[in-house]
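In what follows, every chain begins at residue 1, and chains take the letters A, B, ... in the order their sequences are listed. Reckoned from all heavy atoms, side chains included, excluding hydrogens, waters and symmetry mates. In this text, all values refer to a predicted model and were calculated from it rather than measured experimentally.
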Amino acid sequence: MYENLNDQEKRRLEELELLEQKGINVYPYTFAKSHNAKFILDTYNDEAPEILNDVAIAGRIMSIRRMGKASFFHIQDESGKIQIYLRKDDIPDTYDNLKLLDIGDIIGIKGYAFRTKMGEVSVHSKEFEILCKSLRILPIPKEEKDEEGNITIHDAFADKEARYRKRYLDLIVNPKIKSTFAKRSKVISTMRRYFEDQGWLEVETPILQPIYGGASAKPFMTHHNALDIPLYLRIADELYLKRLIVGGFEGVFEISKNFRNEGMDKMHNPEFTAMEIYVAYKDYNWMMEMTETLLNLLSKTINNTDQLEYDGNEISLALPFRRAKMFDLFKEYTGKDLLGLGKEELQAICKELDVQVDPKAGVMKLLDEIFSVKVQPNLIQPTFVIDYPLEMSPLAKKHRTDEGLVERFELYVSGFEVANAFSELNDPRDQRQRLEEQALFRADGDEEAMIVDEDFLYSLEVGMPPTSGLGVGIDRLVMILTGERSIRDVLLFPQMKPEKTV
RNA sequence: GAUCUAGUAGCUCAGGGGUAGAGCAUUUGACUUUUAAUCAAAGGGCCGUAGGUUCAAAUCCUACCUGGAUCACCA
């Protein structure tokens with residue numbers, strides 16, 4: 001049954017069997033915890049230790065120091081670590097069973113809190129109970145505390161591959177990362193509550209879609225056996241959420257996974273969490289205010305401040321955020337007015353600016369390239385980039401005054417995109433024309449161009465009120481708010497190449 | 001996809017053609033307020049995988065596998 005065990009693991013299995021031979025249930029059903037570690041450490045009072053005279057705590061053994069007839073363990077629960085003290089005099093019948101415990105086992109302790117001679121608040125155990133035996137070895141680091149209380153970690157479990165593949169080990173031995181995921185959870189719950197408070201409705205739309213759309217991306221494909229049809233995993237929620245605005249909801253949002261069959265790097269995971277929201281009778285100006293208010297709220301809720309540090313930069317999420325027209329930013333960072341320029345002119349400018357481009361690239365691609373290289377890295381402080389060229393944005397409404405542009409913004413923080421929003425295109429004639437253009441790009445070999453979705457067009461023909469929509473990349477937002485540089489560090493289980501044993 | 005770089009004990013790493021190394025972890029013994037506990041002794045390895053060069057390969061060469069970094073692709 002267990003064949004590839006090393007000597008340490010075999011010994012643990014033997015210990016488990018020994019405990020069972022003594023009639024001990026190594027995997028019992030419950031344990032009545034009364035406190036967690038942090039509570040005891042926070043509330044222990046040398047003047048009145050009796051208030052913690054009767055505590056029951058449980059956790060995973062993280063260190064063992066046996067001293068003959070007395071032992072010190074550290075156990076770790078969700079809140080943190082606490083030391084426990086066990087003495088043969090207190091538990092003469094079971095003390096020897098401690099020898100059959102290892103780092104990684106989970107135990108329950110009943111006893112009282114006290115402070116040791118060395119000054120550490122601990123729990124003096126009157127009873128202990130095994131709650132789970134661990135058969136595998138944890139990569140436990142050693143912590144050294146100097147006289148000022150500074151902790152130095154030795155032999156940290158730092159191998160990124162191992163940490164991502166075995167996240168449970170990472171969480172056990174690097175408990176600090178828990179706070180990243182607690183913050184992630186709080187970002188989502190705060191956002192959800194904010195939207196609900198405005199009266200907007202959280203909805204769920206299909207992940208399996210016969211026609212995918214709402215973004216320029218390559219999809220994952222699957223197959224439904226009973227219907228014998230291909231289905232695609234969604235790349236965006238947009239087209240379904242807009243149908244709901246057509247249906248009469250005036251504010252809908254969805255927080256969900258999207259899937260894109262593209263490259264992976266520290267900004268991209270094949271599945272990622274997006275929040276999309278659509279609000280009727282609003283435009284992108286209103287949406288900018290909502291977005292900056294939301295981000296400011298999130299930062300204050302998660303980090304208690306609207307200031308943050310990311311990638312060595314001090315970033316202020318104080319209101320309002322900067323708004324800058326895309327073509328003004330081009331002027332600012334390249335010194336050139338690119339508005340209305342053709343392909344040859346842009347190619348010449350790329351050469352002059354030393355921006356490498358594909359010779360086949362069209363006007364949009366050239367603009368995009370110049371933007372990514374010359375403008376984007378400068379957008380450290382939160383900046384709404386507004387008013388994009390029409391061809392870049394097939395679902396956005398034409399600008400009310402500027403020919404050739406659409407009412408769109410993208411929010412950049414620390415040089416990367418966090419949010420994307422439009423005044424949504426609701427003229428069905430214009431929408432049909434734009435999607436048909438996409439179909440031409442597609443026929444021309446652009447795998448990411450959008451597909452004509454007749455039912456979506458039908459819904460616009462039924463009529464969608466003026467609407468503004470926003471999409472936020474939750475993973476990137478969490479990166480910003482937690483200071484993490486890689487998307488893998490804000491995903492509990494990032495996608496990895498399968499391990500091959502060749 | 002390209003380039004660079006890494007893979008050696010459970011963990012963190014050293015070794016760079018000639019007997020496989022350290023610290024921690026583990027085992028045994030001592031120790032009833034220790035805390036990187038300490039002291040004494042012991043066990044533990046397909047040196048990522050497969051080929052090649054060589055009298056001899058963890059070490060040199062080639063390919064592959066799996067990471068990391070940078071770039072490319074990509075909202």
Taking the ring centre of each residue, are A/Phe321 and A/Phe384 less than 6.0 Å apart?
yes
Parallel, tilted or perpendicular: ring planes of A/Tyr284 versus A/Phe409, cut at 30 and 60 degrees
parallel
The single option from A/Lys325, A/Arg322, A/Lys374 that satisfies salt bridge (Lys or Arg N to Asp or Glu O under 4.0 Å) with A/Glu332 is A/Arg322
Do A/Arg234 side-chain atoms and A/Thr205 backbone N/O form a donor-acceptor pair below 3.5 Å?
yes
Take atom NE2 of A/His268 and atom C1' of B/A72, then tell me their distance rounded to the nearest Å.
12 Å
Pairwise P distance for B/A37 and B/A56, with rounding to whole Å
48 Å
Under 3.5 Å, side chain of A/Asn269 to main-chain N/O of A/Phe272, donor-acceptor pair present?
no
At under 4.0 Å between heavy atoms, what does A/Glu417 touch on the DNA or RNA strands: base, sugar-phosphate, or nothing?
base
Find every protein N or O atom lying less than 3.5 Å from an N or O atom of nucleotides 27-34 of chain B, and list the pairs.
| unit_1 | atom_1 | unit_2 | atom_2 | d |
| --- | --- | --- | --- | --- |
| B/U27 | OP1 | A/Arg11 | NH1 | 3.1 |
| B/C31 | N3 | A/Gly68 | N | 3.3 |
| B/C31 | N4 | A/Gly68 | N | 3.2 |
| B/U32 | OP2 | A/Lys69 | N | 3.3 |
| B/U32 | N3 | A/Asp89 | OD1 | 3.2 |
| B/U32 | N3 | A/Asp89 | OD2 | 2.9 |
| B/U32 | O4 | A/Asp89 | OD1 | 2.2 |
| B/U32 | O4 | A/Asp89 | OD2 | 3.1 |
| B/U33 | O2 | A/Lys117 | N | 2.8 |
| B/U34 | O2 | A/Arg65 | NE | 2.8 |
| B/U34 | O2 | A/Arg65 | NH2 | 3.0 |
| B/U34 | O2 | A/Gln83 | OE1 | 3.2 |
| B/U34 | N3 | A/Gln83 | OE1 | 2.8 |
| B/U34 | N3 | A/Gln83 | NE2 | 3.0 |
| B/U34 | O4 | A/Gln83 | NE2 | 2.5 |
| B/U34 | O4 | A/Thr116 | OG1 | 2.7 |

Determine the Euclidean distance between corresponding P atoms of B/A69 and B/G10; express it in Å to zero decimal places.
26 Å
Interatomic distance at P, B/A14 relative to B/U33, whole Å
40 Å
Atom CD of residue position A/Glu78 - does it have more than 12 heavy atoms of other residues, nucleotides or ligands inside 6.0 Å?
no
Between B/U34 and B/G21 - P atom distance, rounded Å
37 Å
Hey, is the main chain of A/Ile177 close enough, under 3.5 Å, to the side chain of A/Asn174 for a donor-acceptor pair?
no
OP1 or OP2 of B/U70 under 4.0 Å from side-chain N/O of A/Lys266
yes
Starting at atom NZ of A/Lys10, determine the distance to atom C1' of B/G43, rounded to an integer number of angstrom.
12 Å
Rounding to an integer number of Å, can you tell me how far A/Asp265 CG sits from B/G1 C1'?
13 Å
Counting primed atoms, P, OP1 and OP2 as sugar-phosphate and everything else as base, the B/S/- map of nucleotides 5-13 of chain B against protein heavy atoms under 4.0 Å is -----BSB-
Name the nucleic acid region contacted by A/Tyr412, choosing base, sugar-phosphate or nothing; use a 4.0 angstrom heavy-atom cut-off, strictly under.
base
What is the distance, to the nearest angstrom, from the NZ atom on A/Lys81 to the P atom on B/A36?
12 Å
Pair A/Ser71, A/Tyr95 - check side chain to side chain donor-acceptor pair (under 3.5 Å), show working.
CA-CA 9 Å; A/Ser71 298; A/Tyr95 187 82; 2.8 Å; yes
Report yes or no: does A/Ser414 contribute a side-chain atom to a donor-acceptor pair with the main-chain N or O of A/Ile380 at less than 3.5 Å?
no
P atom, B/A72 versus B/U59: distance in rounded Å?
35 Å
Measure from the side-chain N and O atoms of A/Thr291 to the backbone N and O of A/Met287, and report whether any donor-acceptor pair falls under 3.5 Å.
yes
Its dot-bracket string being built from Watson-Crick and G-U pairs below 3.5 Å, with | for another strand and [ ] for crossing, RNA chain B has the pattern ((((((((.[[[[.)..(..]]]].(((((.......))))).....[[[[[..)....]]]]])))))))....
Roughly how far apart, to the nearest Å, are B/G48 and B/A6 at atom C1'?
11 Å
Closest to the 5' end of RNA chain B, once A/Met264 and A/Arg488 are matched to their nearest nucleotides, is A/Arg488
Using a cut-off of strictly less than 4.0 Å, decide whether A/Arg165 has a side-chain nitrogen or oxygen near OP1 or OP2 of B/U66.
no
Between A/Arg167 and A/Phe493, is NZ or CZ placed under 6.0 angstrom from the six-membered ring centre and within 45° of the ring axis?
no
A/Asp42, CG: over 12 other non-hydrogen atoms inside 6.0 angstrom:
yes
If you measure from the P atom in B/G15 to the same atom in B/U54, how many Å do you get, rounded?
28 Å
A/Ile64 has an atom CD1; how far is it from atom P of B/U38, in whole Å?
15 Å
Between P on B/U26 and CZ on A/Arg136, what's the gap in Å once rounded to a whole number?
17 Å
Can you check the A/Asp368 CG to B/A72 C1' distance for me, whole Å?
14 Å
Could you state the CG-C1' distance from A/Asp105 to B/A25, rounded to the nearest angstrom?
15 Å
For A/Gly471, is there any backbone N or O sitting under 3.5 Å from a side-chain donor or acceptor partner on A/Glu238?
no
Whole-angstrom distance between B/C13 and B/U27, as gauged at atom P
24 Å
